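See structure below.
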Protein chains: 2
Amino acid sequence: MPVEPLAHVPAGPDAVARRLSGYAPLNPDDEALLRQITARPALVPARTELARDGEAAPRPQVLVEGWACRQRFLADGRRQIIVVLLPGDLIGIGERRRPLPYGSVTTLTPAQVSEAGCLRERAASSGTSPEGETGLAAALRQAREMEELWLVNQVVRLGRQTAYERVAHFLLELRERLAAVDRVQDNRFTFPITQEVLADALGLSVVHMNRTMQQLRRDGLIEQRATAITLRDVPALRSVADYGGGQGA
Amino acid sequence: MPVEPLAHVPAGPDAVARRLSGYAPLNPDDEALLRQITARPALVPARTELARDGEAAPRPQVLVEGWACRQRFLADGRRQIIVVLLPGDLIGIGERRRPLPYGSVTTLTPAQVSEAGCLRERAASSGTSPEGETGLAAALRQAREMEELWLVNQVVRLGRQTAYERVAHFLLELRERLAAVDRVQDNRFTFPITQEVLADALGLSVVHMNRTMQQLRRDGLIEQRATAITLRDVPALRSVADYGGGQGA
DNA sequence: CGTACAGTTGAAGTAAATCAACAGGAGTGG
DNA sequence: CCACTCCTGTTGATTTACTTCAACTGTACG
């Protein structure tokens, strides 16, 4: 696999700090730590395994740029993508005490990744005031809760939604998550994954994935050009997907 | 809905303490706290809502006896069961800072439930030694990690397995979880849920669920009598379901 | 005795998978 | 430069897994 150019990765402000500060106010020390962590990320090509399935202790890392995923393979080669990881997302922050088959983490595009062991330490040492956590610790907790929400969403999509609904729902979730790191403009964002990846994320065959995307385009709900996608009718997508959106019921 | 007798609920030793002590050694204080919490559980009938979807702060609770589930409904009434909760499982322990649509928690059978707010407090106050957590804090963390694993398993089942495989996989997971609270003997355990619930958990229609169970019985993999089920051929089930089992890859 | 519910069965319909082939672009090597 | 392969997207034809609809059973229960 050749290392593709990072054309779709804008050199914007740090996604990690943006994400976490959106969850809880960070103090200057926390922000400095984040800047330090993400200052010199490792550049890795697509299809790089960042964490192996069932491994004792996946190193804590942050995805500074690019897309990745957690995935699990069945014995006969079937693949299920558990969750797609976007810029600003954390990997292996909730420490593993025992090796468990959570799936492997693999880049979907060329990416920038930083080690983040010190994040956990900082969060543990500071921020545990008597009533509730503050600063970095609170933000990390919120980040973990969001991860759980994405898993729940994924379960509902796969269990009870049609292909058409699944894609709509998934796109709305991506839009919301990317907006949190300032990567959405006019409901338009880069969409650097193939239909095969999308199919493995949404539990569909590639062929059916293709036809479903076409249907969404024909219905005027989305528009795709090169590696960018535009959600042309968010209300309609919400209605189709039964997507509540954001916080709250 | 009438309150059914608790025939399938043996008055065995406390499931909560059994679960948690399996994850990390608890000190006598922790055990005393657990005994105190579970000493006078509330008796609730089936179909009782223990936590509402998107609610600000679901009260921390422990399921002492009986089965429950986390579920989410779509606007048109379709239901997806996110995860089935068994004796010893925790509800709302990972505190929610914001209301999020994680799904509601509802009993599937008559159940015994205890408030457990003090669990979180105890875990926070004790057990955070410099390197790694200990005692109750460690056990609670491990419990949360297991919950995440169940969600990942659910995603893989729903996304990439056939009905037959899904049921096999789900039954093996139930067996493992119930064994952790000593409710399995000779691969036999109580199975107090209807095929409709099972269908909503595994993303199938009731009719297809029924036929799939019949097939498993005909193939000699399981045996059902009244509200008990026996896994007659665990190796075959493992092979069908691609179920690694327990820890490790 | 009548109702409600869980399980079961058959027949028909449908969403999605599978199989197979082809087109366009991108990189590669001669 | 061309011929080559690889990859992604696309299309058509066929099959299959699963859903839907409807009816019927046994059982528990008031």
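Here the structure is a predicted model, which is why all the values come from computation and not from measurement. In what follows, every chain begins at residue 1, and chains take the letters A, B, ... in the order their sequences are listed.
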For the pair A:Glu148 and B:Arg70, find out whether any cationic side-chain nitrogen is under 4.0 Å from an anionic carboxylate oxygen. yes
Is the shortest side-chain N/O distance from B:Gln195 to OP1 or OP2 of C:dT8 below 4.0 Å? yes
Sugar-phosphate means primed atoms, P, OP1 and OP2; the rest is base. With that split, encode nucleotides 18-25 of chain D 5' to 3' as B, S or - using protein heavy atoms under 4.0 Å. BBBB----
Rounded to the Å, how far apart are A:Met213 CE and D:dT11 C1'? 17 Å
Send over the distance from A:Arg47 CZ to D:dT8 C1', rounded to a whole Å. 11 Å
Checking A:Thr212 now: which residues fulfil side chain to side chain donor-acceptor pair (under 3.5 Å) with it, not counting sequence neighbours? none
Whether A:Arg217 contacts D:dT10 is assessed here as follows: a side-chain N or O lying under 4.0 Å from the phosphate OP1 or OP2. Is that the case? yes
Length of the line joining B:Leu108:CG and C:dA6:C1', which is rounded to integer Å: 15 Å
Scan for salt bridge (Lys or Arg N to Asp or Glu O under 4.0 Å) pairs involving residues 205-217 of chain A, sequence neighbours excluded, and state none if there are none. none
Interatomic distance, A:Arg225 CZ vs D:dG9 C1' [rounded to whole Å]: 18 Å
Rounded to the Å, how far apart are B:Glu196 CD and C:dC5 C1'? 10 Å
Under 4.0 Å from OP1 or OP2 of C:dT8: is there any side-chain N or O of B:Asn210 that close? yes
I need the CG-P distance between A:Asp200 and C:dA17, as an integer number of Å. 11 Å
Would you say A:Gln214 places a side-chain N or O within less than 4.0 Å of OP1 or OP2 belonging to D:dG9? no
Give me the bend of the helix from C:dC1-D:dG30 to C:dA26-D:dT5, using the axes of the five pairs at each end, rounded to 10°. 30°
With sequence neighbours left out, the residues meeting side chain to side chain donor-acceptor pair (under 3.5 Å) with B:Gln224 are none
Rounded to whole Å, please give me the gap between CD in B:Gln215 and P in D:dT16. 16 Å
Could you pull out all residues at least two apart from B:Arg232 that satisfy side chain to side chain donor-acceptor pair (under 3.5 Å)? B:Glu223
Tell me, please, which residues at least two apart from A:Asp76 pass side-chain contact (heavy atoms from CB on, under 4.5 Å). A:Leu74, A:Arg78
Excluding sequence neighbours, so at least two apart, what forms side chain to side chain donor-acceptor pair (under 3.5 Å) with B:Asp233? none
Residues that B:Ala201 engages under side-chain contact (heavy atoms from CB on, under 4.5 Å), provided they are two or more places apart: B:Ile81
May I ask you to decide whether A:Glu173 forms a salt bridge with A:Arg157, counting only side-chain N to carboxylate O separations under 4.0 Å? yes
